[in-house]
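Each ligand, and each atom within it, is numbered from 1 in the order the structure gives.
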Amino acid sequence: MTQTADVSDLVGFTPYNIVELPLSVSTADEYLTIHWDNGQSSDFHYLWLRDNCTCAECVSTLTREQMFEICDVPLDIKAKSATITNQNRLSVQWDFESHQSLYHPGWLKAHCYSEEAREQRKILPKIWDKQLISQQLPVHAFSKIMQQDADLLTWLRDLRDYGITLVTAVDTTGSALKSVAERIAFIRETNFGTLFEVKAKPNANSTAYTTLRLPLHTDLPTRELQPGLQFLHCLVNDASGGESILVDGFKIAEHMRQHHPDDFKALSTLSMSFYNKDKDSDYRFKGPALVTDSSGAVVEVRLANFLRGPLDIPADQVTSLYSAYRRFMQLTREARFQYFHRLNAGDLLVFDNRRVLHARNAFDLKQGERHLQGCYVDRDELLSRIRVLERSCKLGE
Ligand code: OGA
Ligand code: ZN
Ligand code: ZN
């Protein structure tokens, strides 16, 4: 593996602006330090740098995927020399196999893993209650998000951050819902179809397809991966009742963490059971109602009363879980957390189904019809679409 760095010091399609310039580099035993012209500094371990070499020998120029494997160099690999080039690149000559690497300063800064930099890079959800969302609900016009990539990006960022948006004036005659969803990516098909029709049906296989009240829930908690985004497009709403209620599950979870820590712990560690039984399908999933990531942040909520199965947990934990679940549901019923909206024909609610709980009141068809059309798109697709749009649209940066 004798190789000098290839001309390319970036792989992939994301551009990196050079905002700060590297002035100098100093070396320690396990890492080197870059001193930037704004007075900041960044430490990069030799192993990390060697792992991220972009030369044509380490990364395939065809697939942009790594060919180099970190287990092929010694654990104590070091820089024989490390300098800043005239083009402001970090150049490292390794003490193993005479390999040389070159690093783009914008890329290095964007990937600095100091505690402060990692904290700054976090995209935190904008958590809401009734008051906040009543003032800040992101509303986007159908024609704009369909035509302009910049408007599409603003909508998708709102969706990512608030977990809820309202799209207005969506055509109710053609296949507008499909077109909006496909502005993001492909639709996630389920046993309810690619597009599902929410209306009272004679042989309903879901409470959603009756006129009954639907308590606050996430859709398909019966699946290992709950659908990420849910779209509900109102085609007709002449019935009485049937109003929509939405609650930020992250808000309830944070409230519980703060005020009822034992209940928070029970809901985030003990598994609920969810069942969806039909003639030709039988979906079941066991998992906690609140999912936390490695830093303890709540990243997912999973709840639907009408899809619950019998608890299957150690006997000495049953009371704790019931107590925590009851507390959570009672909190979601408090008006201060509920956003209330009566859907009109042409309204399209899009929300993060793994975060925001939705409900509808019972309705009465004596005065007219009620018909919504729905579909799902996974969270990965949303985030990927945002990143691709951000390559060319530099909005708000
Ligand atoms: C659903 C649902 C809400 C409504 O179909 O999952 O929650 O307003 N519908 O009918
Ligand atoms: Zn290399
Ligand atoms: Zn639902």
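- Numbered from 1 in the order shown, with element, the atoms of ligand 1 that lie under 4.0 Å from a heavy atom of Leu372 read 4 (C), 8 (O), 10 (O).
- Per-residue contacts place His217 under 4.0 angstrom from the following atoms of ligand 1 (heavy atoms of the residue considered): 6 (O), 7 (O).
- For residues 366-387, every residue pair satisfying the ring pair (Phe, Tyr, Trp, His ring centres under 6.0 Å) rule, not counting sequence neighbours, is listed here: Phe196-Tyr376.
- Of the N and O atoms on the side chains of Gln226 and Glu300, at least one donor lies less than 3.5 Å from an acceptor on the other residue.
- Near the Zn ion (ligand 3), less than 2.8 Å away, sit the protein N, O or S atoms His217 NE2, Asp219 OD1, His358 NE2.
- One distance of note links OH of Tyr103 with CG of Leu49; it measures 4.5 Å at 0.5 Å rounding.
- Residue-ligand proximity, Arg370 to ligand 1, at heavy-atom distances under 4.0 Å covers atoms 4 (C), 8 (O), 10 (O).
- Side-chain contact check for Gln373 and Lys178: no donor-acceptor pair (N or O, by modelled atom type) lies under 3.5 Å.
- Residue-ligand proximity, His358 to ligand 1, at heavy-atom distances under 4.0 Å covers atoms 2 (C), 6 (O), 7 (O).
- Among Leu214, Leu216, Leu357, the residue whose heavy atom lies closest to atom 9 (N) of ligand 1 is Leu214.
- Among heteroatoms of the N, O or S kind in His99, NE2 lies nearest the Zn ion (ligand 2).
- When the options Ile123, Leu156, Ile184 are evaluated for a side chain to side chain contact (heavy atoms under 4.5 Å, CB included) with Ile386, the one that passes is Leu156.
- Listed by first and then second residue, the ring pair (Phe, Tyr, Trp, His ring centres under 6.0 Å) pairs involving residues 210-245 are His217-Phe306, His217-His358 (not counting sequence neighbours).
- Of all atoms in ligand 1, listed by their number and element, those nearer than 4.0 Å to a heavy atom of Ala208 are 1 (C), 5 (O).
- Annotation: ring pair (Phe, Tyr, Trp, His ring centres under 6.0 Å) contacts involving residues 319-343, sequence neighbours excluded, comprise His255-Phe337.
- For the pair Arg50 and Phe68, the cation-pi test (distance below 6.0 Å, angle within 45°) is passed.
- Figure legend: cation-pi geometry between Arg118 and Tyr113 absent, as NZ or CZ is not positioned both under 6.0 Å from the six-membered ring centre and within 45° of its axis.
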